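Here the structure is laid out as structure tokens; the discussion comes afterwards.
What you see is a predicted model, and the numbers here were worked out from it, not measured in a lab.
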Amino acid sequence: MTVRTRFAPSPTGYLHIGGVRTALFAWLFAKGQGGQFILRIDDTDAQRNVDEALAPILHGLKWVGLDWDEGPEIGGPYGPYFQSQRLEKYQAAVQKLLAAGAAYRDFATTEELQAEREESQKAGKPFVYSRKWRAETDADVKRLEAEGRAGVVRLLMPREGQFVLNDIIRGEVRIDWASEQDHVIQRADGTCLYHLATVVDDHDMQITHVVRAEEHLSNTARQVFMFERLGYEVPVFAHLPYVAEPGSKTKLSKRKLDKYLKNRDFAQLMEHGQSIARRLGMAVSAETFNPVIVDFYEQVGYLPHALLNYLLLLGWSLDDKTEDFSREDMLKHFSLERVNKAPASFDCEKLVAFETRAMQRLPIKQRVAKAVPFLQRAKLVSEPPPCDTAPYVTRILEAAGDRLKVAGDILDFDDFFVADDALQYDEAALDKRLRKPVEALPLLKKYREMLAAIEPFAADRLEAATHEFVEANGLKIGDIVHAVRVAITGKAVGFGLFETLAILGRERCLARIDRALNVAMQPSAGKA
RNA sequence: GGCCCCAUCGUCUAGCGGUCUAGGACACCGGCCUUUCACGCCGGUAACACGGGUUCGAGUCCCGUUGGGGUCACCA
């Protein structure tokens with residue numbers, strides 16, 4: 001029997017980072033042993049814009065490369081894969097449970113139930129429904145309906161003994177049946193609830209292993225109860241620890257961004273992403289654009305594999321040293337047995353470290369291919385790009401080396417793409433390097449003349465000439481290099497100056513220096 | 001609060017009774033390199049929550065305490 005796992009998100013409008021990890025583990029477990037990974041949409045809670053709320057989830061899964069064998073868009077032999085389209089199946093299961101004496105019709109009102117709950121709470125006892133409005137016969141049903149009551153269907157849960165679960169990750173877990181409620185599985189209007197639906201679907205779709213987050217652990221007893229009373233084979237369960245907040249053990253949630261933003265690393269990750277997004281002209285509201293949502297990483301230009309590699313090690317490890325996993329390595333080595341039991345907190349710094357390493361290893365050609373779309377989105381390069389774009393960006397990225405951590409970082413080098421007379425100067429750098437040192441402007445002028453004559457206008461020649469220039473004028477290299485950098489890039493920081501000069505070319509360098517000389521003679525913008 | 005789960009450096013983890021004076025990675029702190037930034041290199045700080053057992057021997061097994069977390073819907 002081949003292994004079949006599933007990921008069953010509800011259409012919330014975004015893909016949570018913890019959800020990706022759950023999907024990853026389920027995907028790896030199945031695909032690693034030649035099985036199937038199924039995507040099913042838990043939309044029993046019929047919402048209006050399912051398509052709209054689902055799109056980002058499908059998109060996110062595709063982006064990280066977690067492809068599904070059956071599910072939305074591709075269908076499959078056990079469809080439909082949307083719970084909202086499977087109601088008859090659930091209703092049939094309800095009938096079966098009713099017939100088997102595993103469920104009953106119940107006519108209690110919300111208020112009556114609430115009263116019972118409060119009573120047990122007052123008594124300090126766990127709530128156990130009295131089953132007072134349970135209809136045992138058709139006559140009961142008639143009588144209760146005549147009272148104007150609406151009937152739901154509840155599970156007739158055992159009230160003695162223990163449920164024993166053998167979880168792949170957590171081992172043996174015991175729960176007293178008495179602590180379980182008579183859960184509602186069908187509403188008065190005939191619609192069905194999640195617990196029933198998930199059991200019916202997992203069976204219909206022949207799921208062999210339910211790999212899901214730990215918050216479902218306490219749901220397992222009632223689900224297994226249904227599997228058994230429905231005469232279904234019970235799948236194997238594996239409950240993953242959840243992904244926790246940075247620096248805490250509380251479950252990571254999209255709703256607590258304000259709190260996470262107080263974490264320095266998280267705030268930094270966010271700010272870095274937002275600065276890129278802003279330059280792309282994107283909306284950067286924390287509500288829709290933040291590191292808890294997977295889309296964030298795609299928009300900013302992270303490599304999907306780096307995210308996956310990081311997430312893989314969040315709660316799982318192969319041994320005491322292996323950190324880098326190719327997709328093949330992951331599939332080959334992953335096992336649920338080695339998943340940790342304790343929650344793991346989301347560590348931004350480490351994610352960035354994986355990303356940095358992955359980007360460094362990416363061949364230059366691919367780095368260029370990742371970067372160019374960002375230049376286009378920022379309107380720094382036209383679309384389609386001029387034919388000299390690729391070689392030009394290649395030179396920049398070669399010079400930038402590992403300074404490009406995510407593809408969007410290419411925007412740090414926007415100065416290579418703007419017109420000479422549109423270059424923005426960092427005022428602080430201008431003050432420090434050109435306006436404040438008394439000798440700066442005359443020196444820069446002199447250096448400009450040297451540049452005008454130098455042949456060839458190439459990095460190594462420029463470097464040698466600059467050293468000669470420094471020596472001839474009794475300077476230190478720092479006396480000229482910083483001034484030139486500010487003059488030609490507008491910035492205080494950047495990669496090697498001589499590469500920068502060479503890439504820009506003589507004409508643009510001279511034009512920029514001339515303009516900088518002019519600008520530097522004006523008073524600081526802030527004071528003007 | 002009831003029930004359930006969890007517990008090794010700041011973080012992710014290795015460790016499945018002796019090889020642990022606890023290993024790796026990220027972060028951090030020094031130093032080197034250096035035209036800025038980044039990288040790189042060298043070195044360093046840093047953990048078995050606590051208390052009882054079991055055992056010749058416990059980070060590793062058991063119990064308790066403490067702490068953390070999850071869950072208690074006609075949500076999924």
Could you tabulate the donor-acceptor pairs under 3.5 Å formed by side-chain atoms of residues 394-401 of chain A, not counting sequence neighbours?
| unit_1 | atom_1 | unit_2 | atom_2 | d |
| --- | --- | --- | --- | --- |
| A:Thr394 | OG1 | A:Ala390 | O | 2.6 |

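- Listed by chain and number, the residues in a side chain to side chain donor-acceptor pair (under 3.5 Å) with A:Tyr194 amount to none (sequence neighbours excluded).
- Residues satisfying the side-chain contact (heavy atoms from CB on, under 4.5 Å) criterion with A:Asn166, sequence neighbours excluded, are A:Glu172.
- Atom C1' of B:C63 sits at a distance of 42 Å from the matching atom of B:C29, rounded to the whole Å.
- Across all strands shown, nothing is found opposite B:C9 as a Watson-Crick or G-U wobble partner with both distances under 3.5 Å.
- Both distances falling under 3.5 Å, in either a Watson-Crick or a G-U wobble arrangement, occur for no nucleotide opposite B:C20.
- Nucleotides B:A46 and B:C4 are separated by 34 Å at their C1' atoms, to the nearest Å.
- A:Glu355 places its CD atom 15 Å from the P atom of B:C26, with the value rounded to the nearest Å.
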Where protein sits on nucleotides 71-76 of chain B, one letter per nucleotide: B base, S sugar-phosphate only, - none, heavy atoms under 4.0 Å: S-SBSB

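- If you measure from atom CZ of A:Phe266 to atom P of B:A27, you get 18 Å, rounded to the nearest angstrom.
- Annotation: ring pair (Phe, Tyr, Trp, His ring centres under 6.0 Å) contacts of A:His305 (sequence neighbours excluded): none.
- B:G64 and B:G2 are spaced 15 Å apart, taking the P atom of each and rounding to whole Å.
- Protein atom CG of A:Asn263 is 12 Å distant from nucleotide atom C1' of B:A27, rounded to whole Å.
- Residues meeting the ring pair (Phe, Tyr, Trp, His ring centres under 6.0 Å) test with A:Tyr297, sequence neighbours left out: A:Tyr302.
- Every residue meeting the side-chain contact (heavy atoms from CB on, under 4.5 Å) condition with A:Arg131, not counting sequence neighbours, appears here in chain and number order: A:Tyr104, A:Tyr129, A:Arg134, A:Leu156, A:Arg159, A:Asp182.
- Of the residues in residues 471-487 of chain A, those placing a heavy atom less than 4.0 Å from an atom of RNA chain B are A:Ile477, A:Val481, A:His482, A:Arg485, in numerical order.
- With P as the reference atom, B:C37 and B:G18 are 49 Å apart, rounded to whole Å.
- The pairing partner recorded for B:G40 is B:C32, the criterion being a Watson-Crick or G-U wobble arrangement whose two distances lie under 3.5 angstrom.
- B:G2 is paired with B:U71 under the criterion used here, namely a Watson-Crick or G-U wobble arrangement in which both key atom distances are under 3.5 Å.
- The gap from the C1' atom of B:U54 to that of B:G31 amounts to 50 Å, rounded to the nearest Å.
- Residue pairs meeting the salt bridge (Lys or Arg N to Asp or Glu O under 4.0 Å) criterion with at least one partner in residues 400-409 of chain A, sequence neighbours excluded, are absent.
- In this structure, A:Phe163 has its ring center at least 6.0 angstrom away from the ring center of A:Phe227.
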ring-ring contact (aromatic ring centres under 6.0 Å, His included) evaluation trace for A:Trp316 with A:Phe334: CA-CA 8 Å; A:Trp316 180 85; A:Phe334 181 78; 5.5 Å; yes

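- One C1' atom belongs to B:A14, the other to B:U60, and the distance between them is 13 Å to the nearest Å.
- Rounded to whole Å, the separation between the C1' atoms of B:G67 and B:U8 comes to 15 Å.
- Base pairing of B:A49 is made with B:U65, judged by Watson-Crick or G-U wobble geometry with both donor-acceptor distances under 3.5 Å.
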Contact state string [nucleotides 2-16 of chain B, B base, S sugar-phosphate only, - no protein heavy atom under 4.0 Å]: --SSSS---BBSSS-

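- Between A:Arg435 and A:Glu427, at least one side-chain N (NZ, or NE/NH1/NH2) sits under 4.0 Å from a carboxylate O, which counts as a salt bridge.
- Across the C1' atoms, B:U21 and B:C12 are found 25 Å apart, a figure rounded to whole Å.
- The main-chain N or O of A:Ser326 is found under 3.5 Å from a side-chain atom of A:Asp329 such that the two form a donor-acceptor pair.
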Atom pairs, protein N/O to nucleotides 37-39 of chain B N/O, distance under 3.5 Å:
| unit_1 | atom_1 | unit_2 | atom_2 | d |
| --- | --- | --- | --- | --- |
| B:C37 | O2 | A:Arg403 | NH1 | 2.5 |
| B:C37 | N3 | A:Arg403 | NH1 | 2.2 |
| B:C39 | O4' | A:Asp402 | OD1 | 3.3 |
| B:C39 | O2' | A:Asp402 | OD2 | 2.6 |

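- A:Leu269 approaches A:Pro291 most closely through the heavy-atom pair CD2-CB, 3.6 Å.
- Residue pairs meeting the salt bridge (Lys or Arg N to Asp or Glu O under 4.0 Å) criterion with at least one member in residues 468-492 of chain A, sequence neighbours excluded: A:Asp414-A:Lys491, A:Asp415-A:Lys491.
- Using a 4.0 Å cut-off between charged side-chain N and carboxylate O, A:Lys432 and A:Asp426 make no salt bridge.
- A salt bridge links A:Lys251 to A:Glu215: one of the charged nitrogens lies within less than 4.0 Å of a carboxylate oxygen.
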